[in-house]
Asker: 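I have a structure I would like to understand better, so I am pasting it below and will then ask my questions one at a time.
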Amino acid sequence: MNSYVQQLCQIAQQPSRRIIGLMSGTSLDGLDVALCRITGAGPAMQLELEYFTTVPYTDAFRNEIRKVFAKSEINFRQLCVLNPYLGRQHGQMVLACLADWGVAAAEVDLLASHGQTVYHAPQKQHGLPHFPNATLQIGDGDHVAVTTGIITLSDFRQKHLAAGGEGAPLAVYGDYLLFTKPGENRILLNLGGIANFTYLPGTADAAAVFTTDTGPGNTLIDALARQYFDQPYDQEGAIAARGHIHPGLLHYLKQHPFFEADFPKTTGPEVFNLHYLQEAQQRSGTTSVKPEDLLATLTRFSADTVVQAMRHFLRADQTYQLYASGGGAHNPVLMRHIREQLPGCPLRRTDELGIPGDAKEAVLFAVLANETVAGGGTDFGGREGVPSISMGKISFPG
Ligand SMILES: Nc1ncnc2c1ncn2[C@@H]1O[C@H](COP(=O)(O)OP(=O)(O)OP(=O)(O)O)[C@@H](O)[C@H]1O
Ligand SMILES: CC(=O)N[C@H]1[C@@H]2OC[C@@H](O2)[C@@H](O)[C@@H]1O[C@H](C)C(=O)O
């Protein structure tokens, strides 16, 4: 037997595993690195977050990714060279974290690497009749594995597509295992570049979970902050707080087929970008609105579309507890707009459930890898968007 297969079998049989989850999201702020100790698998699983770090990207690194990021036309050579480069860079970032934490690579059982989404194209969005839902993550797992010497699972989204999904959101799989609480209907809201949520019924019934993207989270806010204020994002929502919401522009921003489409659905910065804003400004005759008013309006746009998607299925005879994660949970203006429109649903952060909101997505990939190697028995029924599958391709370091 190949010694790595043997090693993998042994890891699968251990009572607990140390798994590093890696996530680099649509915000391109950095690589989230979460070292988790996971005991068992499936609903009985226990997770302890041992260490968490976000390794910030340099401007140069970010700019290399931006050359292909969410663009329908690119330099193909750039994409080709980025794929191994990103894998190696992510591997190096993991090694740097391990050195900081005083943990040897040999003490880690598995790495779970999301890679970098460079293009997301569900069929509803690309509209090409003969082509399926598609999404592309780069930063090949073989390079991560060889760089770190740790068995690596990667490219998690392709199986979801193969099983009929849109390749996202995957958070639902981790959310179900980590946060289900019998007797309490929970909604896990992630305010990343794109916003999404998971509904976890108080019945703990896996076949009744629900998940969807809702539209932009921070992606438009960040793009505008970069364009007009030379800042990576609107820190603490300070710019939005001094601007005024423009109702006419807000109305036009909400006019996109994505918001009318059936749930579940997914999207990305391929749609929600500065070009989208400019078109809405032209259609609404608001091209001379002040930048801080644009930011205030975009923040409200994100909040309204989150709330609109949630209201679609909230039932008046039920109560719900909301838990936010992702960078947008640090934006008090965004959070206030959501809170005010859902007065019956207390909105807290996942930090109160023991997982810091900034770490949640990286932790998710560690959970997915754990399930693929040691679990995978959860039956999500025939729920659309939540196929019962194991995800991640396995790369050996040698
Ligand atoms: N203190 C803060 N004030 C306001 N916004 C913040 C703050 N901290 C982070 N953010 C926002 O959060 C973003 C990063 O969020 P996050 O890391 O969750 O995104 P991501 O994981 O890249 O996105 P996605 O989940 O869509 O893949 C920043 O770009 C910024 O918009
Ligand atoms: C294709 C892709 O990378 N989608 C991301 C993105 O960022 C947020 C939202 O859009 C979410 O659907 C997804 O990531 C998280 C980790 C998910 O799959 O749950």
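Each ligand, and each atom within it, is numbered from 1 in the order the structure gives. All heavy atoms count here, side chains included; hydrogens, waters and symmetry mates do not.
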Asker: So, Ser388 side chain and Phe380 main chain: donor-acceptor pair closer than 3.5 Å or not?
Answerer: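 Pair found, side chain donor or acceptor close to backbone of Phe380.
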Asker: Taking the minimum heavy-atom distance to atom 17 (O) of ligand 1, which of Asp29, Asn218, Thr299 ranks first?
Answerer: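 It is Asp29 whose heavy atom sits nearest to atom 17 (O) of ligand 1.
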Asker: When you look for heavy atoms under 4.0 Å from ligand 1, do you find them on the side chain of Asn190, its backbone, both, or neither?
Answerer: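 Answer for Asn190: side chain.
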Asker: Ignoring hydrogens, just give me the one of Gly328, Ala238, Gly193, Gly327 whose non-hydrogen atom is nearest atom 9 (C) of ligand 1.
Answerer: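 Among Gly328, Ala238, Gly193, Gly327, the closest heavy atom to atom 9 (C) of ligand 1 comes from Gly327.
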Asker: Counting only heavy atoms, tell me which of Met23, Arg226, Lys360, Glu236 gets closest to atom 3 (N) of ligand 1.
Answerer: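 That would be Glu236.
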Asker: Please confirm whether Ser27 comes within less than 3.5 Å of ligand 1 when only nitrogen or oxygen atoms on both sides are compared.
Answerer: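 Looking only at distances, the answer is yes, because the N/O contact criterion of under 3.5 Å is met.
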Asker: Can you list the ligand 2 atoms lying under 4.0 Å from a non-hydrogen atom of Thr135?
Answerer: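 Contacts of ligand 2 toward Thr135, numbered from 1: 1 (C).
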Asker: Under 4.0 Å from a heavy atom of Ala171: which atoms of ligand 2 are those, numbered in the order shown and with their elements?
Answerer: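 In order of number, 17 (C), 19 (O).
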Asker: Compute the ring centroids of Phe259 and Phe301, then answer whether they are less than 6.0 Å apart.
Answerer: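 Yes: the rings meet the under 6.0 Å criterion.
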Asker: Which atoms of ligand 2 have any heavy atom of His120 under 4.0 Å away?
Answerer: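 With His120 as reference, the close atoms of ligand 2 come out as 1 (C).
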Asker: Find all atoms of ligand 2 within a distance of less than 4.0 Å from any non-hydrogen atom belonging to Glu361, and give their numbers and elements.
Answerer: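 Matching atoms, with element in brackets: 15 (C), 16 (C).
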Asker: Pull out every atom of ligand 2 sitting under 4.0 Å from any heavy atom of Asp213, numbered as shown with elements.
Answerer: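 The list of qualifying atoms is 9 (C), 10 (O), 11 (C), 12 (O).
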Asker: Starting from atom 11 (C) of ligand 2, find the nearest protein heavy-atom neighbour and note its residue, name and distance.
Answerer: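 Checked against all protein heavy atoms, atom 11 (C) of ligand 2 sits closest to Asn196 ND2, 3.1 Å.
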Asker: One residue to check: Leu170. Relative to ligand 2, which of side chain, backbone, both or neither has a non-hydrogen atom less than 4.0 Å away?
Answerer: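 Leu170 to ligand 2: contacts from backbone and side chain alike.
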